[in-house]
Amino acid sequence: MKIATWNINGVKARIENLCIWLKESDPDVVCLQEIKSVDENFPREAIEALGYHVETHGQKGFNGVAILSKATPEEVMRGLPGDDTDEHARFMEAVFSTENGVVRIVSLYLPNGNPIDTPKFPYKLSWMERLNAFAADRLALEEPLVLAGDFNVIPEPVDCYSPAAWAGDALFQPESRNAFRRLENLGFTDSIRAVDDRTGVYTFWDYQAGAWPKDNGIRIDHLMLSPEAANRLKSAGIEKHVRGWERPSDHVPVFVHLDI
DNA sequence: ATGACTAGCGTGGCTAGA
């Protein structure tokens, strides 16, 4: 099973690229973030025509996540538990039944958190607390679980081109990195780092200041695997070339192959 | 010049992203 995550930065602006990529990459499940669309306006027909089931969790203007899948999910849950007042559409979970058992897949768009001297940063940290509580709860099921999405966390200095440039940024604060590490300490595996320890492994390049041609990137899109999923990890990769397409997202697709 | 951003909302220039 090939599972991919992609912060698409506006699904309506990117529908052509999305369809080209679906045909080229042929994933079984796709977790999208920043669809920037309400559910009613999601361009589902073009995606369904390629053989995908579409589940969305959108809102007006910004945020929004979706899960596209060749198989129809058994269950879909929208919203990260732990705060009924949180209106942001940043989290959904789908459960799939396969010949080899159940697979649970989350599409998440973790808050950016900038600037760090505003309420946006504590919102990010509290969201990460809720995510860790959710993850700990799900681990008790002892199922293959993939937490896939834009985590907006640079885990280590090696995950960015210029650590000094990110020192004051919410994506690279010790608190953000610690919360990400706690997810690993629960038993989740960072799938890209499980297969690739090189430098210069990025998933995002800013639109500004020639970041892409200079390869000035960061690694913030992750697929975190529960022990049961990690035990079935066959490969993982980043589809970097997609950043070079016409009208690209600033993020590229990241994927795992699980032996499921 | 020293690579001067993009999408959505909604029609001018803001919010939000990272």
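Values in this document were obtained by computation on a predicted structure and should not be read as measured data. Just so it is clear: chains get the letters A, B, ... in the order the sequence lines come, proteins before strands, and each one is counted from 1.
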Inter-nucleotide P distance (B:dG13, B:dG3), Å rounded: 29 Å
Pairwise P distance, B:dA18 and B:dG8 [rounded to whole Å]: 14 Å
Ionic contact status for A:Glu93 with A:Arg138, cut-off 4.0 Å: yes
Euclidean distance, atom OH of residue A:Tyr161 to atom C1' of B:dA18 [Å, nearest integer]: 18 Å
B:dT11 to B:dA1 separation - C1' atoms, rounded to the nearest Å: 33 Å
Pairwise P distance for B:dG10 and B:dT6, with rounding to whole Å: 22 Å
Separation of B:dT6 P from A:Trp212 CH2 (nearest whole Å): 15 Å
Rounded distance in Å - CD (A:Glu246) to P (B:dT6): 11 Å
Value in whole Å for how far the P atom of B:dC5 lies from NZ of A:Lys214: 12 Å
Short side-chain N/O contact from A:Arg14 to OP1 or OP2 of B:dA7, under 4.0 Å: yes
C1' atoms of B:dA4 and B:dC9, separation to the nearest Å: 24 Å
Integer-rounded Å distance: B:dT6 C1' and A:Arg243 CZ: 10 Å
DNA chain B: 5'-proximal contact among A:Pro213 and A:Phe204 (nearest heavy atom): A:Pro213
Test salt bridge (Lys or Arg N to Asp or Glu O under 4.0 Å) applied to A:Arg219 and A:Asp190, step by step: CA-CA 11 Å; A:Arg219 193 175 71 89; A:Asp190 179 346; 2.8 Å; yes
A:Glu129/A:Arg182 salt bridge by N-O under 4.0 Å criterion: yes
Note: A:Arg78-A:Glu55 ion pair, threshold 4.0 Å (strictly below): yes
Check: protein-nucleotides 13-17 of chain B nitrogen or oxygen pairs below 3.5 Å:
residue, atom, partner, partner atom, Å
B:dG17, OP1, A:Arg90, NH2, 3.4
B:dG17, OP2, A:Lys120, NZ, 3.4
B:dG17, O3', A:Tyr109, OH, 3.4

Residues clustering with A:Leu108 (ILVMFWY side chains joined when closer than 4.5 Å, directly or via others): A:Met77, A:Leu80, A:Phe91, A:Val106, A:Leu110, A:Tyr123, A:Trp127, A:Met128, A:Leu131, A:Phe134, A:Leu139, A:Leu145, A:Leu147, A:Phe151, A:Val153, A:Phe180, A:Leu183, A:Leu186, A:Phe188, A:Met224
Rounded interatomic separation in angstrom, taking CZ from A:Arg219 and C1' from B:dA18: 16 Å
Whole-Å C1' distance, B:dA7 and B:dG12: 16 Å
Nucleotide of B:dG8, B:dG10, B:dA7 approaching A:Arg247 most closely (side-chain heavy atoms): B:dA7
Exceeds 12 heavy-atom contacts within 6.0 angstrom, atom CD of A:Glu24: yes
Side chains of A:Lys36 and A:Asn9, donor plus acceptor under 3.5 Å: yes
